[in-house]
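Inspection log for the structure reproduced underneath, given as structure tokens.
Please read these numbers as outputs of a predicted model, since none were measured by experiment. Side chains are part of it too, since the values below use all heavy atoms of this structure and drop only hydrogens, waters and symmetry mates.
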Amino acid sequence: MTVTRFAPSPTGYIHVGNLRTALMNFLIARKAGGEFILRIDDTDPERSKEEYVDAIKEDLEWLGLTWDRVERQSLRLERYEEAAQKLRDMGRFYEVFETPTELDLKRKKQLNMGKPPVYDRAGLALSEAEKDALRAERGGYWRFKLDQERIEWTDGIIGDVSIDAASVSDPVLIRADGQMLYTMASVVDDTEMGVTNVVRGADHVTNTATQIQIIQALGGTVPSFAHHSLLTGPQGEALSKRLGTLALRDLRAQGVEPMALLSMMARLGSSDPMELRSEMAELIDGFELSHFGTAPTKFDVADLGPLTAKYLHALPFSEVADEIAALGVPADQAEAFWNAVHENIEVRKDLAAGWTLVTEGAEPVIDAEDAEFVTEAMALLPEGALTGESWGTWTAAVKEATGRKGRGLFMPLRKALTGMAHGPDMAALLPLLKVIKARA
């Protein structure tokens with residue numbers, strides 16, 4: 001069975017970059033009829049917060065990215081320690097003691113000599129007495145001993161990848177304070193949870209190479225890896241500098257529709273055209289990982305506005321009936337109200353402004369040259385209940401009385417009734433208006 005996972009750290013709110021990873025893994029699992037795991041990477045007790053765990057779940061639920069089960073890495077620390085001990089017993093795990101300053105000096109020396117800045121494995125040469133002395137002085141941390149050979153795999157997006165392990169430092173898997181780092185915890189989880197497919201950002205490629213050897217050392221099955229390109233701003237700028245404005249909850253607060261966001265992210269960076277979808281099943285059926293490329297992918301939050309509006313314009317009344325009822329719109333007017341305003345809203349919150357226009361009226365906007373015309377036109381507006389034919393009947397009468405036609409006829413009337421130069425179809429809106437201030 002296909003098993004994928006999304007493993008966010010609860011140290012902040014998830015953003016569009018995280019969403020890209022989550023969505024790809026979700027779509028792969030759902031298309032294959034497999035399992036999608038939400039795995040909370042909360043091994044850092046100081047930075048992980050429960051409020052962010054709740055926020056992650058809330059954001060994913062808003063988007064409809066449902067998971068089959070939740071795992072918490074903080075509850076699996078014993079499993080990581082057992083795996084670490086297995087690596088120690090195999091001679092693949094060794095303790096080191098260099099400080100960050102000492103490592104930096106080593107790197108600079110290697111670079112000056114024209115050598116790659118790779119850890120020199122000095123920890124392997126320490127005697128037990130030397131280790132005891134260093135351990136008492138500063139505490140040690142643990143590195144995985146790589147087999148210095150080429151690590152190769154066929155990436156689902158990049159294609160064939162080959163990395164010489166001799167050019168990579170033995171990765172640190174356990175910090176001096178005992179905290180298990182991401183690489184260790186992730187490998188153990190992927191192995192024990194039967195993860196078959198891992199999709200993540202291209203910045204993890206080297207990390208994947210080292211993880212493949214750790215998985216093999218622990219006797220696990222290496223999953224299929226794929227590394228998607230990283231998002232940039234519309235001008236190719238680093239998106240990380242702007243992520244504070246691209247948290248999913250911020251986009252939700254701005255009124256972005258889930259399907260608008262998902263439709264965009266499911267195709268962004270692929271060879272397929274961006275197509276607005278109305279439901280998740282369409283995204284699942286149309287997703288092909290092999291269609292994605294390696295070039296940096298441009299993301300422009302401004303594109304979400306038109307997509308959201310287009311999605312809302314196509315919604316049937318049944319999808320918004322409850323929201324319209326919550327505004328206080330009488331049931332016998334609700335569908336007519338939606339039909340009148342839906343093609344002119346940009347976000348759902350605009351419905352409230354539309355109902356305010358209907359119930360309270362708008363301050364008329366009347367240009368000086370149109371004042372006399374508007375007064376004459378309002379005198380011709382029929383009294384009593386108005387219908388869908390009233391706009392056409394009224395404007396025909398005004399045209400005959402004043403001689404005006406086209407824009408010169410319709411625009412002053414629209415502005416006088418709604419206070420706006422653009423908006424809903426007046427034939428549909430006029431029968432709903434409970435207050436027409438221009439008639440006073």
Side-chain angles (χ1 to χ4, degrees), residues 61-62 64 252-260 276-281 305-366 374-401 409-440:
E61 287 172 341
W62 168 62
R252 180 163 76 248
Q254 293 166 23
V256 170
E257 286 292 318
M259 284 309 300
L276 180 63
R277 300 301 190 182
S278 59
E279 56 185 34
M280 186 67 76
L307 282 175
T308 287
K310 184 177 180 181
Y311 174 81
L312 292 173
H313 297 170
L315 281 182
F317 168 69
S318 58
E319 293 289 322
V320 294
D322 290 344
E323 291 175 68
I324 291 176
L327 292 174
V329 181
D332 61 344
Q333 299 175 40
E335 189 164 4
F337 170 70
W338 172 248
N339 290 337
V341 303
H342 77 279
E343 290 188 353
N344 288 276
I345 63 174
E346 295 184 356
V347 294
R348 290 177 190 254
K349 291 178 182 178
D350 292 344
L351 289 171
W355 187 239
T356 298
L357 169 62
V358 167
T359 56
E360 300 179 12
E363 291 301 322
V365 174
I366 303 173
V374 171
T375 299
E376 185 175 356
M378 289 301 154
L380 295 171
L381 184 63
E383 296 290 341
L386 299 173
T387 69
E389 289 75 43
S390 296
W391 173 256
T393 302
W394 176 45
T395 54
V398 173
K399 178 181 179 181
E400 183 176 350
L409 169 66
F410 299 113
M411 183 58 72
L413 297 183
R414 173 183 288 280
K415 291 165 69 174
L417 292 172
T418 69
M420 301 179 293
H422 305 281
D425 174 50
M426 292 303 299
L429 181 65
L430 185 60
L432 297 171
L433 295 179
K434 302 180 186 306
V435 177
I436 299 177
K437 294 183 179 181
R439 184 157 57 177

[atom1]/[X] to [atom2]/[Y] distance, rounded to the nearest 0.5 angstrom?
X: Ser278; Y: Lys310; atom1: OG; atom2: NZ; result: 11.5 Å
X: His342; Y: Glu319; atom1: NE2; atom2: CD; result: 13.0 Å
X: Leu417; Y: Leu381; atom1: CG; atom2: CG; result: 7.5 Å
X: Leu307; Y: Glu257; atom1: CG; atom2: CD; result: 11.0 Å
X: Arg414; Y: His422; atom1: CZ; atom2: NE2; result: 8.5 Å
X: Thr356; Y: Leu351; atom1: OG1; atom2: CG; result: 10.5 Å

Other residues, nucleotides, ligands: >12 heavy atoms within 6.0 Å of [X] [atom1]:
X: Glu61; atom1: CD; answer: yes
X: Asp332; atom1: CG; answer: yes
X: Glu400; atom1: CD; answer: no

Report yes if the side chains of [X] and [Y] come closer than 4.5 Å at any heavy-atom pair, otherwise no.
X: Ile366; Y: Lys415; answer: no
X: Ile345; Y: Trp338; answer: yes
X: Asn339; Y: Asp425; answer: no
X: Ile324; Y: Phe317; answer: yes
X: Leu413; Y: Trp391; answer: yes
X: Leu357; Y: Val341; answer: no

Do you know which two heavy atoms are closest between [X] and [Y], and how far apart they sit?
X: Thr359; Y: Val435; answer: O-CG2, 3.3 Å
X: Ala397; Y: Leu380; answer: O-CD1, 4.0 Å
X: Met378; Y: Ala416; answer: CE-CB, 4.1 Å
X: Pro424; Y: Ala340; answer: CB-O, 3.1 Å
X: Ala260; Y: Leu276; answer: CA-CD1, 4.0 Å
X: Lys399; Y: Leu409; answer: CB-CD2, 4.0 Å

Do Met426 and Thr418 pass the side chain to side chain contact (heavy atoms under 4.5 Å, CB included) test, and can you show the C-alpha distance, the side-chain angles, and the key distance before you say yes or no?
CA-CA 9 Å; Met426 292 303 299; Thr418 69; 4.0 Å; yes
Is Lys437 salt-bridged to Glu360, cutoff N-O under 4.0 Å?
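Not counted as a salt bridge, because no side-chain N and carboxylate O are separated by less than 4.0 Å.
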Would you check if the side chain of Thr308 reaches a backbone N or O of Val256 as a donor-acceptor pair within less than 3.5 Å?
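Between the backbone of Val256 and the side chain of Thr308 there is no qualifying donor-acceptor contact (under 3.5 Å).
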Pair Leu315, Arg348 - check side chain to side chain contact (heavy atoms under 4.5 Å, CB included), show working.
CA-CA 11 Å; Leu315 281 182; Arg348 290 177 190 254; 3.7 Å; yes
From CA spacing to verdict: side chain to side chain contact (heavy atoms under 4.5 Å, CB included), Leu432, Leu386
CA-CA 8 Å; Leu432 297 171; Leu386 299 173; over 6 Å; no
